[in-house]
Amino acid sequence: MGIFINENNLEFHLQNDKVSYILKVDSFTRELQSVYFGNRIHHRDSYEDLSEKTERPSTTSPIKGDHRNSMEFLRREYPDFGHGDFRTSSYEIVSSKAHTLSGMKYEKYECFKGRDRVFGMPHVRIGSEEEAETLIIHLYDSFLQIRMKIFYLLLEDYSAIVRKVSFENISNEPVKASKLMSFSIDLPSASYDLMFLKGAWSRERHVERVPLHKGIQSIGSTRGSSSHTFNPFVALLDKKTTEHQGEVYGFSLIYSGNFLALAEVDNFDITRVMMGIHPQGFSWVLKEGEVFYTPEALLVYSNEGLNGLSQEYHKIIERHIILEKYRNDVRPVLINNWEATYFNFDEDTMLTIASEARNLGFDLFVLDDGWFGKRNDDKTSLSEWTPNYDKLPNGISGLSKKVVDLGIQFGLWFEPEMVSEDTRLYNENPDFVLGHFNYPKSHGRNQFVLDFSNEAVVNEIFERMKRILNDSSVSYVKWDMNRSITEAYSQSLSKEHQGEFYHRYILGVYKLYEMLTNAFPHILFESCAGGGGRFDLGLLYYAPQTWTSDDTDAWERVKIQYGTSMIYPIKSMGSHVSAVPNHQVGRNTSLKMRHDTAIFGTYGYELDITTLSDEEKIEVRNNIEFFKTYQNLIHHGKFYRLLSPFDGEAASYMVISECQSKALVYYSHGLQVPNAPLSNLKLRGLDPAKKYHIHGAKSSHHGDELMNLGVLFTESYFEKDFIDNFLKPGDFKSLILEITEIK
Ligand code: GLA
């Protein structure tokens, strides 16, 4: 790994065994240009000949008589607007001296082992200085007296570059930034498809792939959270790229608030990609001496298709985003009472469920919404984090201790960022509630948003949560967030600073996470936002698992988890078996299919186990045992997607151990295809030379056969029992193949 610098022509080549990223300072304009991002290439002394400078009529140029230096078609690394580049700019600074004009020129660079220190924001963690190298390019506008630093972090083992930008005002008057993206890059082709994860509540992160066309395509969120609607991740794929072959670039933001991801194809077939805080409603005032840091963006390259990209993302997230102590830990199998009881419970019902859960092999009992204030429905009591003594006469302290005495851990639900209208906080501290006195506040699930941009609010909520957590035996917290932000007006910010609200809000969320995780290091946090409305790298930095979706129907979940796996590791996806008919879609699926689907995640249950029949209880106990047998493989194995539920009626994926000796394959279908064609499922990642046995199959097969010819779903291939159980016609069926190497 290394950062090569051609000092003469100021070219910077970040290179490791997998990837090369090259940028350079233009000798005429002294600004930064994109040269290359992709497969590792050899370093050489000059990349001058790669410059696409050509004389183009009818363009503008900063240099007299020289249209080869037009900003209109040069590939730029962090473009401004106003000097002849008519494409989307990556930043905009408004000053009293030059309005929106600026001219950032190369000043110097810094290069060092390790990475810069970051405070208050989630970022790529490194264990030792040897794991990464940093390049910082300093640009300076001597008239505005603003310094911009463009950060590049090269990770030793991954085909990834981490980027962000900082702005420092060194003049003696304030300036206002109205747009500060985390990165921008110009790629030398327009022949890409754009892939992104789209959705809504209860159908998050469905995969969409569309061709890029001339002009701008973008996704984003202005809801105050990364959102159910789009995820802060996009990919650009070569048109021929598939799951397992071809070039693909992934771009994601380590951030949980409003974001914009944009791809623009210009008239010369250059594709500009950028990502950052959404400019809608954003502005930031930089006073003399102040610095602003954008969120970090993770740029990942793969030449092994989408699946290769996902594997790279999974590894980076596991090793460089999630807290180290969660890297190899064994996550608890949990039972959550939400869909079992909703708000209707008391201490006895909770203890009965917890005790049954303990007998069935669960590790953790989670008490969801409804345990505090007068909360018997969703209209009341948010922010009052004191027990509802009508339901729980011994409080959370008493209940949690009784649960722990049963031999099972205790977890608790909070929604820290929210407040209900009937609470003391709402009525006595109206300035703690987001909104403007002149406009009615929009309702969202009967609740309002606390102003987390105000430090006093964050501290107050910390104290309230701390009291209850100190007082009880809690080893898991589910942190929920159930509405989008509207009327984003903070009473703690002066009028010039209102544009800072959304970003300051999310910094407040991070701050509370930091305070809580520091104060209670033994507590495992699971983030949640009305299901999967804030599944992003920002929150995974603090909470290593996220509730993937409120939709727990097995077939819907397959799609959601399949899409989520594009970037996020299996071990980060909260996944539960719930009751049928399913509460979200009314569908009936077998306990087996619900289990098979939920094991590719953190695994838990969310139904009233006390009402299950004896046979079902035995099945649940066996299911938990099965999961625990394979938990290490599922959570730490290499993950491959095999069949997409977005392409047809079947879905399949698998995990395989590092030594290629054990694999677990998931397969399911939605509606039964009549007189279905013969199915041969081609596996991935096996050792071609090794011989494997599939549990329930009549014979054994070499890895090369299983990968090239596939597994046949026929009677000659499998034992009769296997066929009877899994392959008789029917809608919504699943199977798990357990594969072991034969020595
Ligand atoms: C959200 C969550 C659910 C549950 C409820 C409780 O919808 O996603 O899992 O916790 O809130 O109100």
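Whatever order the structure lists ligands and atoms in, that order sets their numbers, starting from 1. Heads up: numbering here begins at 1 and tracks the sequence. Nothing here was measured: the structure is a model prediction, and the numbers come from that model.
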task: Report the C-alpha distance between F462 and W385 in whole Å, list the side-chain angles of each, state the deciding distance to 0.1 Å, and finish with yes or no for ring-ring contact (aromatic ring centres under 6.0 Å, His included).
output: CA-CA 10 Å; F462 173 66; W385 302 114; over 10 Å; no
So if I count the atoms of ligand 1 from 1 in the order they appear, which ones are less than 4.0 Å from some heavy atom of [X]?
X: D369; result: 6 (C), 12 (O)
X: G531; result: 8 (O)
X: D550; result: 1 (C), 2 (C), 3 (C), 7 (O), 8 (O), 9 (O)
X: K478; result: 3 (C), 4 (C), 9 (O), 10 (O)
X: W547; result: 8 (O), 9 (O)
X: C528; result: 2 (C), 8 (O)
X: N482; result: 1 (C), 7 (O), 11 (O)

field: Among K511, R483, R534, salt bridge (charged side-chain N to carboxylate O under 4.0 Å, His left out) partner for E417
entry: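 Single pass found, and it is R534.
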Using distance alone, decide if ligand 1 has a nitrogen or oxygen within less than 3.5 Å of any nitrogen or oxygen in [X].
X: E606; result: no
X: R375; result: no
X: F343; result: no

Relative to the ring of [Y], is the ring of [X] parallel (under 30°), tilted (30 to 60°) or perpendicular (over 60°)?
X: F452; Y: Y505; answer: tilted
X: F535; Y: Y568; answer: tilted
X: H595; Y: Y603; answer: perpendicular

- prompt: So which protein heavy atom does atom 10 (O) of ligand 1 come closest to, and at what separation?
  reply: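 The protein heavy atom lying closest is D368 OD1, 2.6 Å.
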message: Can you tell me if H576 contacts ligand 1 (heavy atom of the residue under 4.0 Å from the ligand)?
response: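 For ligand 1, residue contact (heavy atoms, under 4.0 Å) with H576 is absent.
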field: side chain to side chain donor-acceptor pair (under 3.5 Å) evaluation trace for S252 with Y313
entry: CA-CA 10 Å; S252 56; Y313 262 113; 3.0 Å; yes
message: Using ring centroids (six-membered ring only for Trp), state whether W371 and Y389 fall under 6.0 Å.
response: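 No, too far apart.
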Under 4.0 Å, heavy-atom basis, I'd like to know which part of [X] is in contact with ligand 1: side chain, backbone, both or neither.
X: D480; result: side chain
X: E415; result: neither
X: N336; result: neither

task: May I ask you to check if R557 and W547 form a cation-pi contact, with NZ or CZ under 6.0 angstrom from the six-membered ring centre and within 45° of the axis?
output: yes
task: Please say whether the positively charged group of K559, taken as NZ for Lys or CZ for Arg, lies over the ring of F646, i.e. under 6.0 angstrom from the six-membered ring centre and within 45 degrees of the axis.
output: no
- request: For the pair D329 and R331, find out whether any cationic side-chain nitrogen is under 4.0 Å from an anionic carboxylate oxygen.
  value: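 Yes, charged N to carboxylate O under 4.0 Å.
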